[in-house]
Amino acid sequence: MTLYLHNTLTQQKEPFAPLDPNRVTMYVCGPTVYNFVHIGNARPVVVFDTLFRLLNRHFPNVIYARNITDIDDKINNAAKENGEPIRVLAERYADAYHQDMGQLNNLQPTLEPYATDNIDAMIEQIQALIKNGHAYEAEGHVLFQVSTDKQYGKLSKRNMDDMIAGARVEVAPYKKEPADFVLWKPSSDDLPGWDSPWGRGRPGWHIECSAMINKHLGKTIDIHGGGMDLIFPHHENEIAQGTCCHEHGNEQFVRYWLHNGYLNIDGKKMSKSLGNFRTVRDLLQEWPGEVIRYALLTAHYRKPLDFSGDLLSSAKSALDRLYGALRESAVTVDSGVQHPQLDELEGYLLDDLNTPQALSVLHALAGEINKTTGAEKAKLQSILRKAGSFIGLLNQDAEAWFKWAPASSSGGLSDDAIEQLIQERIDAKKAKNFVRADAIRKELKDQGIVLEDSKEGTRWTRE
RNA sequence: GGCGCGAUAGCAAAGCGGUUAUGCCACGGAUUGCAAAUCCGUUGAGGCCGGUUCGACUCCGGCUCGCGCCUCCA
């Protein structure tokens with residue numbers, strides 16, 4: 001089976017084959033750690049985590065790198081406001097990021113380079129760009145001269161003239177040409193800075209990714225991912241830096257460019273600048289992380305996804321159905337099990353990560369599980385567990401899932417109190433005191449606890 | 001102005017030139033002391049106008065509406 005991926009460069013689905021069949025390289029733009037990430041930031045993480053899982057199933061050695069941007073003017077500003085060192089602030093939000101992404105069942109990438117650990121690589125790349133005639137120094141800045149790169153614009157499909165005509169930014173006086181962008185900028189004494197051939201300063205935004213890719217993954221990588229809003233200018237500039245820094249300037253920098261669509265609120269892009277965002281951290285107070293992940297996977301990754309409370313609540317209901325089929329099943333994934341529907345599911349994922357269709361296979365399996373019993377049921381349950389693991393879902397105990405309580409409802413009934421009432425109800429039922437039994441059912445229902453009687457006894461779930 | 005994306009049932013969201021997507025919700029039935037869960041079933045679709053075709057939600061053209069990038073942004 002062949003993996004097909006939509007490549008932004010060609011705007012087509014292409015069969016994927018790594019440059020080196022024994023080593024797949026993937027780089028995804030990570031967060032700038034100056035704040036809690038919002039749910040829109042989580043989309044690419046979940047999308048590329050799903051791709052990482054898929055690649056791991058098909059290739060022996062997948063190197064997945066996702067950076068942490070821990071030097072940036074937004075960080076500087078936030079640290080100044082808080083009156084704390086940037087490193088402290090950056091570390092705090094990097095930790096929070098790891099926690100939040102872990103809650104969404106994202107695997108840790110193979111490598112997680114920090115910008116501040118790679119300043120030397122950036123300086124080296126900038127020096128190479130100057131040497132090759134693609135960059136120049138001006139007033140303590142180093143700028144990339146866009147006109148020297150004949151392929152500039154090939155990713156975002158725009159040409160220089162249009163860009164200059166539509167430019168809405170004031171052109172800095174030290175720029176030779178309006179489209180030139182900063183590789184290095186000077187730092188005043190109160191700002192973080194590093195010694196460089198051009199004086200004490202700090203890197204521009206785009207250089208870290210191309211420098212770290214070169215250093216940690218190589219001259220040419222297979223896959224580079226990120227949100228669509230990074231296509232221009234960030235990724236376009238990365239291509240310019242990552243190719244022009246080499247002698248011939250014609251090596252391919254990235255072979256497959258992948259971009260996920262936006263997460264919208266009321267039809268409009270969620271973004272920090274618009275202020276219409278919800279942080280993952282806040283959402284995790286109200287919903288299990290798995291619900292958030294499921295919600296993000298309900299739409300194809302290149303399509304816009306409108307985010308809402310309804311989306312989460314139907315994701316929750318859908319997961320209830322899946323976990324309902326997994327009651328009394330082992331949590332472990334048996335990697336040896338095989339089933340035609342696993343192949344079907346894999347086929348959908350191999351087709352440019354069609355997660356909505358992949359989810360439909362999980363539901364088909366759940367339906368079959370609910371119709372069978374005994375060994376056949378147990379087998380299908382292990383198939384469903386494995387299917388879930390393909391996309392990072394269904395990795396917890398079913399009873400734990402149904403008993404999950406939001407952190408925001410700390411005043412609710414404890415598990416013990418619930419069990420006690422259930423016992424009281426069982427006694428009442430034995431005594432044929434159905435009035436009392438129903439009163440207890442109602443009392444619990446009012447607190448969001450639903451009881452289910454079955455041959456095996458009574459179990460409960462939180463709504 | 002340049003470049004790009006989208007429009008599917010109450011909601012969300014896929015595939016597909018002719019045959020049930022799927023999930024949530026709603027309704028009916030089975031089951032249940034009552035419920036819940038589950039199963040069975042039902043309703044309901046493809047922005048508008050043309051074209052191609054034996055046949056189009058699916059291909060082509062136009063229109064309308066919505067959105068995005070061109071500035072920090074996933």
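Each chain gets a letter, A, B and so on, in the order the sequences are listed, and its residues count up from 1. Because the structure is predicted, anything quoted here is derived from the model rather than measured.
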In whole Å, I'd like the distance from the [atom1] atom of [X] to the [atom2] atom of [N].
| X | N | atom1 | atom2 | result |
| --- | --- | --- | --- | --- |
| R302(A) | rG4(B) | CZ | C1' | 13 Å |
| D352(A) | rA14(B) | CG | P | 12 Å |
| L230(A) | rC70(B) | CG | C1' | 14 Å |
| F181(A) | rC72(B) | CZ | P | 12 Å |
| L353(A) | rA14(B) | CG | P | 12 Å |
| D266(A) | rA12(B) | CG | P | 12 Å |
| M228(A) | rC5(B) | CE | P | 9 Å |
| I391(A) | rU22(B) | CD1 | P | 17 Å |

Under 4.0 Å, counting only non-hydrogen atoms across every strand here, what does [X] touch: a base, just sugar-phosphate, or nothing?
| X | result |
| --- | --- |
| L359(A) | nothing |
| R43(A) | nothing |
| D310(A) | nothing |
| K74(A) | sugar-phosphate |
| N264(A) | nothing |
| S314(A) | sugar-phosphate |
| H234(A) | nothing |
| I231(A) | nothing |
| R425(A) | base |
| G40(A) | base |
| G225(A) | nothing |

Any idea which of [options] is nearest the [X] side chain?
| X | options | result |
| --- | --- | --- |
| F232(A) | rC70(B), rU38(B), rA14(B) | rC70(B) |
| A318(A) | rG23(B), rA74(B), rG15(B) | rG23(B) |
| D229(A) | rU38(B), rA74(B), rA14(B) | rA74(B) |
| A299(A) | rA13(B), rA74(B), rU22(B) | rA13(B) |
| Q357(A) | rG15(B), rC25(B), rC39(B) | rG15(B) |
| K268(A) | rC70(B), rC67(B), rG15(B) | rC67(B) |
| R441(A) | rC34(B), rU22(B), rC39(B) | rC34(B) |
| E452(A) | rA36(B), rU38(B), rG68(B) | rA36(B) |
| R158(A) | rA36(B), rC69(B), rA21(B) | rC69(B) |

Salt bridge or not for K80(A) and D73(A), using N-O below 4.0 Å? no

Less than 4.0 angstrom between a side-chain N/O of [X] and OP1 or OP2 of [N], yes or no?
| X | N | value |
| --- | --- | --- |
| R321(A) | rC25(B) | no |
| K269(A) | rG68(B) | no |
| R459(A) | rA36(B) | no |
| K157(A) | rC70(B) | no |
| K303(A) | rA14(B) | yes |
| N260(A) | rA74(B) | no |

Considering only the [atom1] atoms, how many Å lie between [N] and [M], rounded to the nearest integer?
| N | M | atom1 | result |
| --- | --- | --- | --- |
| rC67(B) | rA74(B) | P | 22 Å |
| rA7(B) | rC49(B) | C1' | 16 Å |
| rU22(B) | rA14(B) | C1' | 8 Å |
| rC48(B) | rG15(B) | C1' | 24 Å |
| rC27(B) | rA37(B) | P | 13 Å |
| rG28(B) | rA13(B) | C1' | 26 Å |
| rC3(B) | rU8(B) | C1' | 27 Å |
| rG55(B) | rA12(B) | C1' | 30 Å |

Flag if over 12 foreign heavy atoms under 6.0 Å of [atom1], [X]:
| X | atom1 | answer |
| --- | --- | --- |
| D446(A) | CG | yes |
| K157(A) | NZ | yes |
| Q420(A) | CD | no |

Does [N] pair with anything, Watson-Crick or G-U wobble, both distances under 3.5 Å, and if so, with which nucleotide?
| N | value |
| --- | --- |
| rU19(B) | none |
| rA9(B) | none |
| rU53(B) | none |
| rG28(B) | rC40(B) |
| rA45(B) | none |
| rC69(B) | rG2(B) |

Any non-hydrogen side-chain atom of W401(A) less than 4.5 Å from a side-chain atom of E290(A)? yes

Going by heavy atoms in the side chains, are W194(A) and I71(A) under 4.5 Å from each other? yes

Starting from the C-alpha separation in whole Å, work towards a yes-or-no answer on ring pair (Phe, Tyr, Trp, His ring centres under 6.0 Å) for Y4(A) and F16(A). CA-CA 6 Å; Y4(A) 285 83; F16(A) 173 78; over 10 Å; no

Nearest heavy atom decides the nucleotide; on that basis, is V361(A) or S271(A) closer to the 5' end of RNA chain B? V361(A)

A42(A) vs K445(A), nearer the 5' end of RNA chain B by closest nucleotide: K445(A)

Kindly give the heavy-atom pair with the smallest separation between I418(A) and I449(A), and that separation in Å. CD1-CD1, 3.6 Å

For R293(A) and N106(A): C-alpha separation, side-chain torsions, deciding distance, then whether side chain to side chain donor-acceptor pair (under 3.5 Å) applies. CA-CA 9 Å; R293(A) 184 181 183 100; N106(A) 292 301; 3.0 Å; yes

Whether the side chain of T25(A) engages the backbone of I63(A) through a donor-acceptor N/O pair (distance < 3.5 Å, no angle test) should be reported. no

